[in-house]
Engineer: 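Before anything else, here's the structure in question.
Note on naming: letters A, B, ... go to the chains in the order of the sequence lines (proteins, then strands), and numbering restarts at 1 for each one.
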Protein chains: 2
Amino acid sequence: MPPRPTLGELELLVLLAVLRLEDQAYGVPIAQELLALAGRDVALGSIYAALDRLEQKGLVHSTLGDPTPERGGRAKRFFHITPAGLQSVRDTRAALTTLWSGIPSLEGEPG
Amino acid sequence: MPPRPTLGELELLVLLAVLRLEDQAYGVPIAQELLALAGRDVALGSIYAALDRLEQKGLVHSTLGDPTPERGGRAKRFFHITPAGLQSVRDTRAALTTLWSGIPSLEGEPG
DNA sequence: CATTTCTTCAACTATAAAGAAGAAATAGAT
DNA sequence: ATCTATTTCTTCTTTATAGTTGAAGAAATG
C-alpha cells in the first residue's frame, strides 16, 4: 500500500521544525524545537523515523555534513524541505485554518 | 499500550467537524463537512473508527437519537464534544499556530 | 579506550483506511 | 397485513501506515 497522501500529525510538526531551523535542521535541534515551542517531548528515534518517511515521500532532502572539531562531533545529517514539502505544509495549514475558523467555542482563548 | 495523548491527524479533523456541526454531528454530515471544507474524502468506516477512539479518550460523547419519519430514517448516533475535547483542540491549535508563525517561506500565500 | 554526539535498528502498539456486512426504518406490491 | 425491496445509518473485518521507545551502532575527540 502506498504512503498516505496527507501529513501525519508528527510529520507535520517535524516538517515545521525543519522549516524553522533553516540550515541547522538535524535530529537533536528538531527535538529541542518541538519541546520548546510545542511542549512536545519526542524520542529521537521517533524524529528520525518521521524524517525517513518524509524523505521517502520527497518532502525533505538530507545531506551529510562535515564533522565538527569538538568531542563527539561526528558528521550530522542535515535536512531541508523540498518544494513539494513546502506545498504540503501550506495545504495542511490552509485546510486546518478553514476548518477551525468561525467556531464560536474556539474564539476568545489564550494563545 | 495506552492511547496516544495527542490528537491524530484524522482525529483532529473529525473533532473540528463535530464542533462545527453542533447538534447535527453524526457520521454522514461529518464526512460531508470534511469533503466540502478540507477537500478530504474519507470513508465512513474511518470516520466511525476515529469517533470511537475519541469517545474512549473522553473527548466526545455520543447519544442515540430518535428515528425520523422518512425512508431509511433509522436512529442516528449524535456526537458532541466534551470539555476535555475542546481543550484538546485548543492545545493542538495553539501548538501549531506557534510552530508555523514567523516562517518566511510560509508568508504571503493564498488561503 | 573511555566518553560524547549523533544516527540507525528492532519490536511493538496505535492510528488510519476501505469495503463488506449488519441493523432499523419506510415504501410499495400482493 | 406481511413480505420484499430500498434507503439510511452503523458496526465489523482486514490490512497497512504512522508513531513510540529503548538499545545498539558509528564516528569523532580527550
Engineer: What nitrogen or oxygen pairs link the protein and nucleotides 25-30 of chain D at under 3.5 Å?
Structural biologist:
unit_1, atom_1, unit_2, atom_2, d
D/dG25, N2, A/Arg74, NH1, 2.9
D/dA26, N3, A/Arg74, NH1, 2.9
D/dG30, O4', A/Arg71, NH1, 3.1

Engineer: I need the residues from residues 25-38 of chain B with at least one non-hydrogen atom less than 4.0 Å from DNA chain C; give them sorted by number, or say none.
Structural biologist: none

Engineer: Answer yes or no: is there a side-chain heavy-atom contact under 4.5 Å between A/Lys76 and A/Leu64?
Structural biologist: no

Engineer: Decide yes or no for B/Leu7 and B/Asp91: does some side-chain heavy atom of the first lie under 4.5 Å from some side-chain heavy atom of the second?
Structural biologist: no

Engineer: What is the distance, to the nearest angstrom, from the CG atom on B/Leu54 to the P atom on C/dT15?
Structural biologist: 9 Å

Engineer: Tell me whether the side-chain N/O atoms of A/Lys76 come closer than 4.0 Å to OP1 or OP2 in C/dT4.
Structural biologist: no

Engineer: Are side-chain heavy atoms of A/Leu13 and B/Trp100 found at a separation under 4.5 Å?
Structural biologist: no

Engineer: Do B/Pro67 and B/Arg74 have side chains that approach each other closer than 4.5 Å (heavy atoms only, starting at C-beta)?
Structural biologist: no

Engineer: Residues of residues 7-17 of chain A with any non-hydrogen atom less than 4.0 angstrom from an atom of DNA chain D: list those, numerically ordered, please.
Structural biologist: A/Gly8, A/Glu9, A/Leu10, A/Glu11

Engineer: What I'd like to find out is whether the side chain of A/Leu54 reaches to under 4.5 Å of the side chain of A/Ile81, using heavy atoms alone.
Structural biologist: no

Engineer: Would you call B/Leu96 and A/Leu16 a side-chain contact if the rule is heavy atoms closer than 4.5 Å?
Structural biologist: yes

Engineer: Is a donor on one side and an acceptor on the other found under 3.5 Å between the side chain of A/Arg93 and the backbone of B/Leu106?
Structural biologist: yes

Engineer: Going by the rule side chain to side chain donor-acceptor pair (under 3.5 Å), which residues pair with A/Thr92 if we only count those two or more places apart in sequence or in a different chain?
Structural biologist: none

Engineer: For B/Arg40 and C/dA17, is the shortest distance between a side-chain N/O and OP1 or OP2 below 4.0 Å?
Structural biologist: yes

Engineer: Are the side chains of B/Tyr26 and B/Arg77 in contact, using a 4.5 Å heavy-atom criterion?
Structural biologist: no

Engineer: With side chains defined as the heavy atoms from C-beta onward, is the minimum distance between A/Lys57 and A/Glu11 less than 4.5 Å?
Structural biologist: yes

Engineer: Short question: side chain of A/Ser88, backbone of A/Ala84 - any donor-acceptor pair under 3.5 Å?
Structural biologist: no

Engineer: Using the closest heavy atom to pick a nucleotide of DNA chain D for each, name whichever of B/Leu64 or A/Ala43 lands nearer the 5' end.
Structural biologist: B/Leu64

Engineer: Please tabulate, one pair per line, all N/O donor-acceptor pairs under 3.5 Å involving side-chain atoms of residues 28-45 of chain A, not counting sequence neighbours.
Structural biologist:
unit_1, atom_1, unit_2, atom_2, d
A/Glu33, OE2, A/Arg20, NE, 3.2
A/Arg40, NH1, A/Glu9, OE2, 2.7
A/Arg40, NH2, A/Glu9, OE2, 3.2

Engineer: For A/Thr82 and A/Leu59, indicate whether the former's side chain and the latter's backbone hold a donor-acceptor pair under 3.5 Å.
Structural biologist: yes

Engineer: Would you indicate, yes or no, if D/dG19 has its OP1 or OP2 atom less than 4.0 angstrom from a side-chain nitrogen or oxygen of A/Ser46?
Structural biologist: no

Engineer: Dump the pairs, protein N or O against N or O of nucleotides 11-13 of chain C, anything under 3.5 Å, distances to one decimal.
Structural biologist:
unit_1, atom_1, unit_2, atom_2, d
C/dT13, O3', B/Met1, N, 3.2
C/dT13, O3', B/Met1, O, 3.3

